[in-house]
Amino acid sequence: MATATEAPATTTAEGPTQHVPNQPAPSESGQLTPAQVNFLLRGIDPRRVGEDGKGFAHVEAWDVRRHLIRIFGFGGFDTDLLEMTLVCQQEIPAGNRSRWTVVYRVAVKLTVKVDGVELGHWHGVATGDATNLPSLADAHDLALKTADSQALKRAATNMGDQFGLSLYNGGSPTPVVNAALPYMPPQQPAALPQDPPVKPEPGSPVGASAEADPAGSEAQHPTFDTLVASVPDCWENAIALVQLHVRVKESGFGSHRVQGPPPEYAWTTFDELLSARIAELNERTAQGGAEGSAA
């Protein structure tokens with residue numbers, strides 16, 4: 001008895017057939033797809049833009065992560081913690097309990113991948129603080145999370161308007177990238193759209209760049225003389241001294257020599273001068289609280 005041999009799946013009565021998967025053709029390995037490029041070149045949705053505690057336009061860190069996933073997929077990006085430095089931990093006596101001010105500096109590296117191939121990586125550095133909190137653990141947690149989130153957001157702005165780059169242009173959601181020559185068709189003239197007016201970055205003097213206004217530049221990057229001159233105004237305020245201490249450390253002036261107050265006028269480092277005065281004020285506050293409790 002003859003048996004029939006089952007034909008291969010690629011053979012029919014009409015001849016060989018070709019199977020076409022029901023999915024778009026993949027892009028060249030490691031290259032952005034047209035859909036990704038088009039999305040990245042769009043302006044940010046104004047509904048994604050909020051306002052931080054200083055009144056500046058900003059994007060939430062969780063929203064940045066959401067769009068990293070949307071554009072590059074799950075596992076399409078990595079974040080590496082490069083630095084986590086405790087800049088300041090200050091105890092502020094308040095009666096029977098202390099309150100805490102903590103500042104961290106964090107540096108992160110954001111790596112974006114396409115088809116498992118690195119597209120690029122960028123760094124972001126930021127400081128975060130938690131001021132006058134009753135719990136030391138909460139102060140550390142908040143300061144560290146704030147610094148980490150800010151650093152990630154700064155790294156992500158290297159990918160353009162969807163990650164808040166335009167917000168540095170005066171807080172505007174109007175796109176500033178608009179086009180990128182490597183992704184334009186060869187037959188298309190190499191002409192970029194007209195750019196929106198360039199505005200000062202948040203924190204810069206309104207109507208002028210920080211470079212054009214020495215006072216504005218000094219506010220962002222204070223000089224040694226400026227920091228020394230601000231000591232008398234903070235001398236009786238522990239919290240103000242803590243904030244000044246952070247600025248001194250961030251500016252790299254902690255080891256600079258300064259002259260102490262009268263009558264000794266003793267020379268010491270900027271860091272030691274501020275640390276000693278903060279400790280003195282805290283001890284005075286603690287003694288006052290103890291005397292009040294005893295009374």
Side-chain angles (χ1 to χ4, degrees), residues 24 27 30-80 106-115 118-128 145-185 188 190-211 216 220:
S27 63
Q31 299 297 314
L32 294 172
T33 66
Q36 288 173 311
V37 173
N38 289 337
F39 192 85
L40 286 168
L41 290 176
R42 279 197 225 162
I44 190 171
D45 186 338
R47 292 174 297 179
R48 294 176 53 204
V49 181
E51 189 174 278
D52 66 13
K54 298 179 181 179
F56 299 139
H58 83 131
V59 181
E60 295 289 345
W62 71 265
D63 185 54
V64 168
R65 293 183 185 275
R66 171 173 69 169
H67 279 76
L68 284 169
I69 295 171
R70 280 184 175 176
I71 298 171
F72 304 107
F74 295 105
F77 68 96
D78 294 323
T79 57
D80 295 293
V106 166
V108 302
K109 180 175 78 170
L110 171 64
T111 303
V112 169
K113 299 174 290 184
V114 178
D115 300 324
E118 180 178 329
L119 175 69
H121 64 263
W122 304 273
H123 301 92
V125 181
T127 56
K145 286 192 297 187
T146 300
D148 184 54
S149 295
Q150 289 295 110
L152 171 64
K153 291 194 292 183
R154 287 177 178 173
T157 57
N158 288 279
M159 288 181 292
D161 297 313
Q162 283 301 317
F163 296 94
L165 180 62
S166 68
L167 303 182
Y168 285 86
N169 192 30
S172 172
T174 303
V176 294
V177 177
N178 293 309
L181 292 178
Y183 305 108
M184 297 175 70
Q188 185 172 337
L192 297 177
Q194 183 175 1
D195 290 329
V198 175
K199 301 174 184 177
E201 290 189 11
S204 299
V206 177
S209 67
E211 289 79 4
Q220 296 297 312

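Residues take their numbers from the sequence shown, with the count starting at 1.
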Side-chain heavy atoms of [X] within contact of [Y], under 4.5 Å:
X	Y	answer
Val112	Glu118	no
Leu152	Arg65	yes
Lys109	Trp122	no
Asp148	Val108	yes
Thr111	Phe77	no
Val37	Leu41	yes
Glu60	Lys153	no
Leu165	Met159	no

Exercise. Determine, step by step, whether Lys113 and Asp78 satisfy the side-chain contact (heavy atoms from CB on, under 4.5 Å) criterion, reporting the C-alpha distance in whole Å, the side-chain angles of both residues, the deciding distance to 0.1 Å, and the verdict.
Key: CA-CA 8 Å; Lys113 299 174 290 184; Asp78 294 323; 3.2 Å; yes
Quiz item: Under a 4.0 Å N-O cut-off, is there an ion pair linking Arg66 with Asp63?
Solution: yes
Working to the nearest 0.5 angstrom, can you tell me the gap between [X] [atom1] and [Y] [atom2]?
X	Y	atom1	atom2	value
Asp52	Thr146	CG	OG1	11.5 Å
Tyr183	Thr33	OH	OG1	10.0 Å
Arg42	Asn178	CZ	CG	14.0 Å

Self-check item: Any residue meeting side chain to side chain contact (heavy atoms under 4.5 Å, CB included) with Val49, in chain and number order, not counting sequence neighbours
Solution: Ile44, Ala57, Leu167
Exercise. List in chain and number order the residues that pass side chain to side chain contact (heavy atoms under 4.5 Å, CB included) with Lys145, two or more places apart in sequence or in another chain; answer none if no residue qualifies.
Key: Asp141
Determine whether a donor-acceptor pair (N or O, by modelled atom type, separation under 3.5 Å) exists between the side chain of [X] and the backbone of [Y].
X	Y	value
Ser166	Ser172	yes
Gln150	Ala147	no
Gln162	His67	no
Asp161	Val176	yes

Quiz prompt | Geometric class of the Phe163/Phe72 ring pair [parallel <30°, tilted 30-60°, perpendicular >60°] | solution = parallel
Exercise. Kindly give the heavy-atom pair with the smallest separation between Ala126 and Ala151, and that separation in Å.
Key: CB-N, 3.6 Å
Quiz item: How close do Gln31 and Val114 get, heavy atom to heavy atom, and via which atoms?
Solution: O-CG1, 3.2 Å
Exercise. Apply side-chain contact (heavy atoms from CB on, under 4.5 Å) to the pair Arg154 and Tyr168, showing each step before the final yes or no.
Key: CA-CA 11 Å; Arg154 287 177 178 173; Tyr168 285 86; 3.9 Å; yes
Exercise. Check the pair Val125, Val106 against side-chain contact (heavy atoms from CB on, under 4.5 Å), reporting the backbone distance first and the verdict last.
Key: CA-CA 6 Å; Val125 181; Val106 166; over 6 Å; no
